[in-house]
Amino acid sequence: MSTPSHDRGLAPWAALESGSRGRRFPEPAAGYRGEFQRDRDRIIHSNAFRRLVYKTQVFVNHEGDLFRTRLTHSLEVAQIGRTVARVLQLSEPLTEAICLAHDLGHTPFGHAGQDALNACMRSFGGFEHNLQSLRVVDELEERYASFNGLNLCFETREGILKHCSVANARKLGEVGRRFLDRGQPGLEAQLANLADAIAYNNHDVDDGLRAGLIKVEELLEVALFRRHHEAVTAAYPGVQGRRVIHETIRRMIHEVVTDLIDETTRRIAEARPTTIDDVRAYPRPMVGFSPERSEEHQELKRFLRHRVYEHEHVVGMRAGAVRTLQELFEAFMRDPGLMPEAHQDVARSMEAARGEGGRARAVADYIAGMTDRYAFLEHARISGG
Ligand code: MG
């Protein structure tokens with residue numbers, strides 16, 4: 001589907017453009033750009049991508065200008081993904097495209113928002129942000145005259161759909177098949193998944209400290225942090241404050257990224273794939289951490305869950321967010337006329353096709369697309385506030 005030159009320098013088991021399963025709607029070749037580059041560019045130009053700047057990662061957007069938002073999180077994920085892809089001779093633009101798109105389906109207010117919307121949608125097939133990310137790029141973006149969505153390559157869509165229930169996988173056709181066959185996605189998708197974990201584990205340490213939810217003394221319980229913090233304070237006894245934190249986190253990222261490269265190289269050598277199909281058919285992911293680093297990474301993740309994500313401040317924010325989304329959902333379900341006209345039209349046609357479940361899906365799409373502040377504004381509007 002493109003000139004083979006875009007595959008130059010890649011490992012034979014990488015996602016090669018010459019072996020791509022292509023787009024749902026065939027399009028002429030992209031010319032001087034590769035197809036995966038073109039996907040990345042389409043994602044960057046999408047509405048959903050720009051909205052990430054006002055969506056919560058952990059902290060609600062208006063709490064402070066320095067906290068990560070979904071946008072800066074996605075950029076950090078892409079940066080880590082690109083670095084590793086290049087070293088492992090995987091497709092850098094595909095990895096970048098998946099990383100930039102991985103959170104496009106997130107609701108406002110982070111995971112609390114997703115759980116709230118999922119509860120609202122319980123009798124209508126539920127709501128799952130991964131599936132919604134795919135729905136955004138497949139259906140919801142309105143940028144092309146001849147098709148809905150962004151018409152991305154199969155490999156990009158495969159990477160965006162990180163998790164999926166069996167029931168949903170059955171409805172998705174080819175892109176859902178691996179969840180039924182217990183197959184793996186390509187290495188670029190596997191890499192994007194772990195780049196996500198590396199990014200949030202490290203930036204949530206930084207954000208948690210900045211927010212005052214955790215203290216350095218508490219973080220010293222965590223082996224990965226303690227080891228690097230001790231090395232930094234021993235090498236630079238005069239350096240204090242934020243600079244010690246940043247130097248420590250920088251070294252943590254470097255260590256886990258290096259480990260990821262080494263362990264993945266080892267697993268590829270062991271599995272000896274010859275093409276991406278061998279990667280997909282392999283019983284386990286080939287991209288991964290060594291057992292030691294994996295255990296440390298889990299320890300840090302557990303620490304963050306207990307001390308940051310379940311901190312009373314974050315939980316308090318969550319309660320308000322849940323209420324806001326529930327009330328928006330109930331109001332729009334009761335009276336779709338409260339939504340902007342374009343969304344009313346969509347709700348009407350989806351209801352005509354699929355009954356009440358169609359209306360609920362249209363409402364969920366509208367709410368999931370909102371930024372944090374837009375959700376608050378809409379809530380104030382419908383409550384007459
Ligand atoms: Mg993420």
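Owing to the predicted nature of the structure, the values given are computational and were not obtained by experimental measurement. The figures that follow rest on heavy atoms only: side chains count, while hydrogens, waters and symmetry mates do not.
Ion pair E141/R50 not flagged as a salt bridge, since none of the NZ, NE, NH1 or NH2 atoms sits closer than 4.0 Å to an Asp/Glu carboxylate oxygen. By the 4.0 Å N-to-carboxylate-O rule, R226 lies too far from E299 to be salt-bridged with it. By the 4.0 Å N-to-carboxylate-O rule, R359 lies too far from E356 to be salt-bridged with it. For E263 and R293, the salt-bridge test fails: no basic side-chain N is under 4.0 Å from an acidic carboxylate O. Ion pair R267/E270 not flagged as a salt bridge, since none of the NZ, NE, NH1 or NH2 atoms sits closer than 4.0 Å to an Asp/Glu carboxylate oxygen. For the pair R348 and D345, the salt-bridge criterion is met [side-chain N within less than 4.0 Å of a carboxylate O].
With a 4.5 Å cut-off on side-chain heavy atoms, C164 and L172 count as touching. In this structure, the side chains of T265 and L88 come closer than 4.5 Å at one or more pairs of heavy atoms. For the pair C153 and F36, the minimum side-chain heavy-atom distance is below 4.5 Å.
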Return all side-chain donor-acceptor pairs below 3.5 angstrom for residues 321-330, not counting sequence neighbours, or 'none' if the list is empty.
unit_1 : atom_1 : unit_2 : atom_2 : d
T324   : OG1    : G320   : O      : 2.8
E327   : OE1    : H379   : NE2    : 2.6

Using atom types as modelled, flag every donor-acceptor pair under 3.5 Å from a side chain in residues 333-344 to any protein atom, sequence neighbours excluded.
unit_1 : atom_1 : unit_2 : atom_2 : d
D335   : OD1    : G337   : N      : 2.9
Q344   : NE2    : G337   : O      : 3.0
Q344   : NE2    : M339   : O      : 2.7

Show me, pair by pair, the donor-acceptor contacts under 3.5 angstrom made by side chains of residues 109-118, not counting sequence neighbours?
unit_1 : atom_1 : unit_2 : atom_2 : d
Q114   : OE1    : H129   : N      : 2.9
N118   : OD1    : F127   : N      : 2.9

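Rounded to the nearest 0.5 Å, atoms CZ (R307) and CZ (R305) are 12.5 Å apart. To the nearest 0.5 Å, the span separating CG on L10 from CD on E188 amounts to 7.5 Å. Once rounded to the nearest 0.5 Å, the distance linking CZ of R68 with CD of E76 reads 4.5 Å.
Screening residues 183-217 for ring pair (Phe, Tyr, Trp, His ring centres under 6.0 Å), with sequence neighbours left out, gives H73-H203. Applying the ring pair (Phe, Tyr, Trp, His ring centres under 6.0 Å) test to pairs two or more places apart or on separate chains, those with a residue in residues 130-153 are F25-F147, Y144-F147. Within the structure, the salt bridge (Lys or Arg N to Asp or Glu O under 4.0 Å) test picks out the following pairs touching residues 90-113 (sequence neighbours left out): R40-E96, R70-D103, R82-E92, R82-E96, R86-E92. Residue pairs meeting the ring pair (Phe, Tyr, Trp, His ring centres under 6.0 Å) criterion with at least one partner in residues 150-173, sequence neighbours excluded, do not occur; the list is empty.
Using a 3.5 Å distance cut-off with no hydrogens or angles, the side chains of S20 and E155 do pair a donor with an acceptor. Residues N168 and E128 bring no donor and acceptor atom of their side chains to less than 3.5 Å of each other.
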Under the side chain to side chain contact (heavy atoms under 4.5 Å, CB included) rule, what do E27 and R38 come out as? Steps first, then yes or no, please.
-> CA-CA 12 Å; E27 294 184 59; R38 191 188 211 181; 3.9 Å; yes
I would like to know whether L52 and L104 meet side chain to side chain contact (heavy atoms under 4.5 Å, CB included); could you show each step before the answer?
-> CA-CA 7 Å; L52 295 177; L104 289 181; 3.9 Å; yes
Steps toward side chain to side chain contact (heavy atoms under 4.5 Å, CB included) verdict (H228, R250) = CA-CA 9 Å; H228 292 290; R250 190 180 74 72; over 6 Å; no
Would you sort out whether V137 and D39 count as a side chain to side chain contact (heavy atoms under 4.5 Å, CB included), showing the intermediate values?
-> CA-CA 10 Å; V137 301; D39 279 7; over 6 Å; no
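The nearest pair of heavy atoms linking V77 to A199 is CG2-CB, 3.6 Å. Of all the heavy atoms in D7 and S18, the pair that sits closest is OD2-OG, 2.7 Å.
Applying the side chain to side chain contact (heavy atoms under 4.5 Å, CB included) criterion to D277, with sequence neighbours excluded, gives R21, T275, R280. In this structure, the ring-ring contact (aromatic ring centres under 6.0 Å, His included) partners of F225, at least two apart in sequence or on a different chain, are H229. For the ring-ring contact (aromatic ring centres under 6.0 Å, His included) test, no residue two or more places apart in sequence or in another chain qualifies with Y282. Taking the ring-ring contact (aromatic ring centres under 6.0 Å, His included) definition, one finds that F124 meets it with nothing, sequence neighbours left out. Under the ring-ring contact (aromatic ring centres under 6.0 Å, His included) criterion, H297 pairs with F289, not counting sequence neighbours.
Taking hydrophobic clusters as Ile, Leu, Val, Met, Phe, Trp and Tyr residues chained together by side-chain heavy-atom distances below 4.5 Å, L191 shares a cluster with V256. Both I245 and L220 are members of a single hydrophobic cluster when ILVMFWY side chains are connected at heavy-atom separations under 4.5 Å.
The 12-atom threshold is not exceeded at NE2 of H254, counting heavy atoms of other residues, nucleotides or ligands nearer than 6.0 Å.
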